Each structure stands twice: as structure tokens, then as C-alpha cells.
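By convention in this document, chain letters (A, B, ...) are assigned in the order of the sequence lines, proteins followed by strands, and residues within each chain are numbered from 1. What you see is a predicted model; the values in this text were computed from it and never measured.
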Amino acid sequence: MGRIDRIAEPWGTRTPYGSGGTWPVRVDTHLAEGVDAESVDRWVQTASILHSNGDAMDIAVKDNRIVGVRGRAEDRVNHGRLGPKDLYGWQANASKDRLTRPLIREGGKLVETNWDTAMDRVVSRSKALLAEQGPSALGFYTTGQLFAEEYYTLGTIAHGGIGTNHVDGNTRLCTATAAEALKESFGCDGQPGSYTDVDHADVIALYGHNVAETQTVLWTRMLDRLAGPNPPAIICVDPRMTEVARAATVHLAPRPGTNVALMNAILHDIIANGWVDQDYIQAHTVGYQELEKEVAKYAPALVAEITGVPAEKIEEAARILGHAERLLSTVLQGFYQSNQGTAAAVQVNNINIIRGMLGRPGCGILQMNGQPTAENTRECGADGDLAAFRNWSNDAHIKDLARVWNVDPMSIPHYSPPTHLMQMMRYAEDGSIRMLWVSGTNPAVSLPELPRIRSILEQERLFLVVQDIFLTETAQLADVVLPAATWGEKTGTLTNVDRTVHLSEKAVDPPGEARPDLDIFIDYAHRMGLKDKDGQPLIKWDSPESAFEAWKECTRGRPCDYTGITYAKLRGGSGIQWPCNEENPNGTERIYADGKFWAHPEYCETYGRDLITGAPVDPTEYKALNPEGRAIIKAAEYVPPHELPSQEFPLQLITGRTLFHFHTRTKTARAPELQAAAPDVWVELSAHDAGTYGIAEGDLAEVATPRGSVQAKVRIGGIRDGVVFLPFHYGYWDTSGGHQPDGAGRAANELTITDWDAASKQPIFKTAAARISRVAAADGPAPAPTNTASAPSGDFPAGLLTRGLPSALVDEEVVPNGTGPAGGRGGSGTDDREASL
Amino acid sequence: MKTGLVLEQLHRDENDLAQHLLRISERHKVDHEIYHLARDLAKWSRQHVREIAAIAGRYGQELDPEPKGENTLLEKIREKGSELAGRDAEAGLLLLRDLREAYIKACGVSADWELVAQAAQGIKHTDLLEVAERCHAQNLRQMKWANGKLKESATQILVS
């Protein structure tokens, strides 16, 4: 067993393996000072909610307190490993400043109260608004960090009880494009990939996906392949010199906002050279000719002008992709949050489709998620879509959902697409949404153009309810604050990007009067008197497990079929991949294996949208185009970003994240090791641009866009010339401003533009025109990590490189293959054994 | 042969649609998707104007290849007005009116393109047919956008 500083070495010890081999087990454990594994009272099963990888772990409990975590060796996702956010982040649960009592606004100030008073306020306002205006006055904005049972309950309340169309999750900011891209290409959400594809792939292409920081354990799996025999080629598309870019065979660093042009050029070369699977295209797809016609216009030499990527690099990437035998493609925010997000992500799908690289080991697509339970937000209907991927424009689906809920079909709003978050904010701005209930998210830091967002949330006429575990920037603006329980304090299930369902069990009681989100939603439903059409309570469940059973029934026969899963089956072994039903009792490793898709007009989740205008495709049009439910190849033209650099704002701003923080830092800033690794905001600039503007490492600079300005210390690093990068995590709760800047701005979203992808409605955080100027000389280097994409490019004092506090030491136990833990069961065990034959 | 007359009409109608889309964009700047998309879609019509002018000479029409300009000062005033009116419920009704108008105008342009395509087939002019098919495809997308936005926006505006 080794002890290792996992702040300095975020991916830990290498355990190399070869193509088709079994990824060795390595069990990572981090316990509080003075606690050892033997003195732990009990271990409680769960999975991570501080990133989207779905790493399974056990919580160590001693004297009814959480004292650490240990990776689960038998789990198919992580084989025992944990990332830094999991190893240290659990400490945030016990923070002194957790919300422990409900708060209500009295005389302009938030004061403590009891649950009855707080819920009465929420219920009486809800009822008054329903009587006065109807359901259109109420909006619900939730998160990607609750459990399936909670989303399903919220979705049922909003869609089946209140009857409002205004329901969304902050998944709108992170994975709306993942969902939309899958819907456009395959007629339905659901990943045509599995993490085990990493074990088999000979080419892994990562598009705008800095996996090394966003899903550290998945990157560890890739690093172990790279360290083993016959490693895969890596293609990286990213304007920053990320760890992925450093390891890549080919690194393409396009100008922000030009991804579609780049993808079309790659497709151009693949098609022009005939590196396509014509039999697959003929048998299983529609739309190939349009793609052929569209991409013919995008010769690499021409696209080099648009993207700033040399033609020969585009050609090299196309050649590697075109000769891949087992191609795994992954996509994340570099595409989703940029100009033309859906159109770009769909072109990634197109590469796998026209090369026939789907549904076989090593051949898959992972349109990644940004948040731990984003898949559940989507499938349970808490992102506005209808539960279990039902199609809002298919009357039979509405009728079926009404049957499950025992309500009148007319009471489920389906007259138009669900109201996406940015439109909800607009309705709150124009005064037609008058109550907004925010659960588990922090729009006052995470949404674009914060001065506008604050002015909307601060309005007297908007009744704002915030349900959270800390007094976030958003909670400070609320009329009612409801204290919630979090991971480790409540039970529920969560599903990661490769469809693996995990159970997360309660380990300890929540602090004070804080309650599980599930209990809060159910309490609201009962106080509101929400009923089904027979006068029985609409919400018929009263616990996580009974909620899960209800959710299972809702999924019966749908793509995300959970009917074969029980809490008992999830206990003890590995997570299980949906669909899991009578036909597939152990879950389903790969979907679309036989070239059969969920795209049939009667079954699909959506008829799709125009990738450029966002206009919904008419059902009859879809039926004519795709009567048999094949994969849909959709072409798209490149459209330049709406805000281009100008004389006044000559640079392009992109925002993003760092390995050591999650979202708006509500938890990670309260874990000392993580906070110390990335204590404050910084701005990244290339050495060339730093020279142009006379800026040195560590200088304080002002970054400005037409929306506002932010001050940050400068990190001179490996970013593309002409581009500046700001991490979006840093808000104001731990500054004197409270919920807003006190003096210079710190949150990256002071600067971002209000604009979104017309198809997925995901805001664009990575394409704004900006300028930078020096404010003051350095008193040391920027507070940016040195072992990630923010690594310095020049000379740097060795003593100041990123390393952990003394408490950052983690135990790593590498288990040689063949001596793995006994009793492992579930998907990965089977798959790995097959693979090693 | 009356093909030239149809092209002249179409040239006027595409110009009109482009200007209407720009006007919508200016008026509804606080409705960000409408602001951005209407501008993007106006570009398509402006490009169609150029293409119509380029080919119309063969049918005896001297048409201005330059799309009608937008009044930038007026635009700025409207945008400012839009920001001020951003919290006014009446702005919602104006939005529906404007989208309806965009939809109707796009429908008119669609009918024009159908006439051009019919004529092109009758006289076997493949160049003209190619222009008609390409531009009409974009025009139909403009039409669906306006119609889709109208439907999507109507309920909240009308019931709240």
C-alpha cells in the first residue's frame, strides 16, 4: 500500500494494461486524521456527487460522523479509484455554516423560523398565484445533484399536479446539448457507449472534453491504457494545453466558436477518402447524402482560415479517425457551451455513425455529463422533458404518462416544448413567472451575464424559494430558504453517463432541522392538496424506496427501463447499467448493438429540431423522413459566433473549470485540501498575448466584455493566442460582497453573453469578445494549479508548484489482476472476464 | 415570358422579409433568442436578394444586388426602447404580432420561390432552378422558425 499526495498527483499511481485487458483494481482511501480503517464503525455504500463520473465508494462512519471515504473495488465504473474531489470533498458535510433551520424574509432580512411557517409561506403563495394567474406563474429550477427519486417527485408535482411547463434543471448549463445531440442523431437520449470502451478502443477522440479535470478517474483509465502495451491514439480538440492535449497524438486548438467548421472539415476528409462503412450507412441510417453535400464545402485548407487549425493537422486527425478500428468519441463543454453546440456535437455522432462504429466493444460515443446526476434530471423529467423520455409532441405518450400518474392527459402541459431555463429567467424578468423555486443550484453565480440575473432575482415581485445546504449567493436573495440534507444524509439512486445506476445510502443524520429534498417535495405536494383524478394523493410514495418503485413503473417499456433494478440488487455489488428489465436482468452494457435505435416515430423521445434555427421538426415530416426509426445523420452549416472580436474587445473569452473545484465551490471550497489547491480566481493568457499587453505572471489584470469586468491574477500558460480563460467557480459568498461584487468583480459570469444554442437551449459560455489590461504588478504567481490545464508555460519557482496540505495523503492499494476482490458482481465483472479471454 | 416579373416581386419580398426580421431583432432585444436568430435569418434573405439580382438580368430585370440597408441610428434607438420595455407585459403582444408578420411574409416568399421554380422547370433553366431550390429550402426554415416561435411564445403571453 502506498501513501500519496493526491493534490500533487491527482490521478495517482499508474496500473498499466493493454487493449482488451482488464483494468486493474486500485483502492483509494482517505480517512480523517487519527482514524484508521479498523476503527471505523461502519462503511456505507454510495457514489460520487462531486463530478459526473459515477465513482462508487463507501463512506466511513465513526461515532455517527462521516470520517472518510474508500473506493469500491468491485464497481464497474472506477475499480476502486477515487478522484481528489471525492477524497477530500466529504468534509464539507460537517461545515459549521450548514443551513440547519428554515429562513424567511422579514423586514428585508432573512430570519430563522420553523418548517410549518416556511412551508405555509410557499404553499399560500403557490395557491394564490394559481388562483390569480394559473400554473404559468410558477417555475421550478432544480439541479444535477439530487437523486432520481427526488427529480421524479418534483417532475410529477410540476407536470402532473401544478400543470406548469416551467421546469428545468441546471443541467441546461452542462448537459442539455449532450441530450439534444443524442436525440437528434438517435431519436432519444441514452448513451451509445460504455466506460469499458476505453479498454478496447484503438482511437479515443475527445472533443472539448478536458476529462483529466472533469472526470479524473475516467482519465486514469485512459492513462493506464496509454502506459500499457498497444496504447490508443488520442485526438484532442481544445484551445487550451490540457493534460489530454499533452498526451494527444494530435491536438487541434481551434478558435473559440468554430467547432462546426472544424468537424465539417474532418468529415469532409473522411468522406472524400472513402473511409466510411457504406453497408452500415445503407442498412441503418437516413440523411447521409445531405451530409455528403454539406461537408463537401469544407475543404481543410479553407477551414484552416476559419479555425486557425493548420490543414495538415485536420487531415492527420481525419486520417487517424478514418483508420480507427475501434473508435471511442467523447464530448463535453468545449463543444456544448460554445457557439453551435448541438450542431457540433451531432457531427461527432456522425463520425461514429458513418464509420459504423457503434455498439461494439471500443466503439461508442459518450456525450458526457457535467454533473453527477444529470442523467436522472433528464430521464425523470426534471429538465422539462417528460418522464422516461416520453415525447411531448406524441399524444400517445402523453396519454400513457397520464395513465401512470392517474391524471387527465389535458392536465399535463404539452402544447409546446418545455420552457428552458433561460426562457424562465426571461419570464421572471417580464413578470409573468412570479414564483421561482430553486433547488440545489446557484444561478446567481452560474448563469451568464450576472448583473442581469441579479436584477431579475432581486425583484420584489418575484417570490424566490431556495432549497439548499448552504446560504449561497442565490439563497441570500430568497424570500424563503429551505435547509436540505445532502449526500450521505439521505438515500436515493443516481445514474452516470454510461447509464450505470448506483445506490447512495444514508450514513448519518442531516444537521439540525435540515430535511431530504424528497421529503420537502412530498410535504409540498400534500400541503398543496395535489390529487389524482380519483381524488387520491398525486404523490403516492413516502420514502426513497417507494419513490424508486414508482419511478420504475414509469420507465416500464421505455429506453431507460429500470424495472429489473431493486435497492436490494444495488446493495453490495457493482452499479447496474440501464436498460435493466426481464430481458436484460443484469443490465445492458451497450445499446444499439444491432444497428437498432430508439428512433421509431411511435417510440422516439423527440422528432428533433432544426440545428440552426431550433424550430421543432413536425411529426409528419419526421415520419416521412424516418419511418423505420434509423439513426439520423444531420448536417449543419457553420454560422459564426454572434459576438466576434472587435477593436475595442480584441480577444475571445472562454470560461471553464478546474480539477479541484465543483460548480460554485459550495462544497469544494469547504474542503481545506481542495480550497488550498485553487484558492482564488485567475485568468489565463498565452505568452504571446502577455507580451503584447505587457503583463507578467501573477500581475493583477482586468478582463472586460460589454457586460462587465472582473479582476484576477494572470497565469501565463498554454492557451491559444487571442483567447483568455477564466474559471467560473468563484462567486461572492466567501467575500465581503456576500452575493455580489464589493468593488471589482470575481465571477466569470459577470462577463458572459446572454445567448444560447437554438436547438439545446444551452447558454454559450465560451464565445465572448473581451479585452485585458494590467492593473497592478505581481506579488507572486497566480493562485492557479500548476499540474492541470492552468500549468505555467515559463520558468516557475519549484517551491510554489501545486502540492497538498499534510492532510492530503491518500492510501492507494493496487490489486494485481487475478487477485481481485471476491464476490464482485454486475456488469463489469462479466465484461472484464470476457474481454480478457 | 413573365419570369422576370416574378423575380422582381421576389426580390422585393425577400428585401421586405430581411428588413422585417431585422426590425423584430431590434424591437425584441431583451428576448435574446429572437434578437440573435432574427438577425441570423435576415442574413439568409439578404443573400437571396443578391442571388436573385445576379440571375435576374437574364430575364430582363435590373435589380439592386445590394440588400436594403438598416438604419443604424434608428436601430439603436429601438434597441434602447426594447431594453426599457423589457418588463412591460404589452411587449409580449407586440412580439406575437411581429412573429405572425414574419411568418406571413416568409409564406409569401415561399410562394414566390415556388413560382420561380415552376417557371425554371418550364423553360428548363437549371441554373435558375438550382437557385430556387437552394434558397427556398432556407426560406422554409425561416417560416418554420417564425411559426415555431409563435407557438412556443403564445401561451405564456396570452394566459399570464
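Within 6.0 Å of the CZ atom in B:R134, the count of heavy atoms belonging to other residues, nucleotides or ligands exceeds 12. By the neighbour-count criterion of 12 heavy atoms within 6.0 Å, atom CD of B:Q121 is densely surrounded, having more than that number from other residues, nucleotides or ligands.
When side chains are defined from C-beta on, B:Q142 does not count as touching A:T613, because their heavy atoms never get closer than 4.5 Å. Contact check for B:Y35 versus A:T754: no side-chain heavy atoms found under the 4.5 Å cut-off.
In this structure, chain B has heavy atoms under 4.5 Å from both the backbone and the side chain of A:D755. Proximity to chain B is absent for every atom of A:A137, based on heavy atoms less than 4.5 angstrom apart. Looking at B:N147, neither its backbone nor its side chain comes within 4.5 Å of chain A, counting heavy atoms on both sides.
One distance of note links NE2 of B:H32 with CD1 of A:I764; it measures 12.0 Å at 0.5 Å rounding.
When the candidates B:E152, B:E33, B:K151 are compared by the number of heavy-atom contacts under 4.5 Å with chain A, B:E33 comes out ahead. Counting heavy-atom pairs closer than 4.5 Å to chain B, the top-ranked of the candidates A:E132, A:R434, A:E621 is A:E621. Considering only heavy-atom pairs separated by less than 4.5 Å from chain B, the leading option among A:G134, A:G614, A:A758, A:S136 is A:S136.
Salt bridge annotation for B:K43-A:E637: absent, with no cationic side-chain nitrogen under 4.0 angstrom from a carboxylate oxygen.
Across all their heavy atoms, B:L37 and A:I612 have their closest contact at CD1-O, 3.7 Å.
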Query - Derivation and outcome, side chain to side chain contact (heavy atoms under 4.5 Å, CB included), residues A:V617 and B:K144 - result: CA-CA 9 Å; A:V617 174; B:K144 284 176 194 160; over 6 Å; no
Query - A:Q423/B:Q156 under side chain to side chain contact (heavy atoms under 4.5 Å, CB included): CA gap, chis, key distance, verdict - result: CA-CA 11 Å; A:Q423 190 63 48; B:Q156 185 75 4; over 6 Å; no
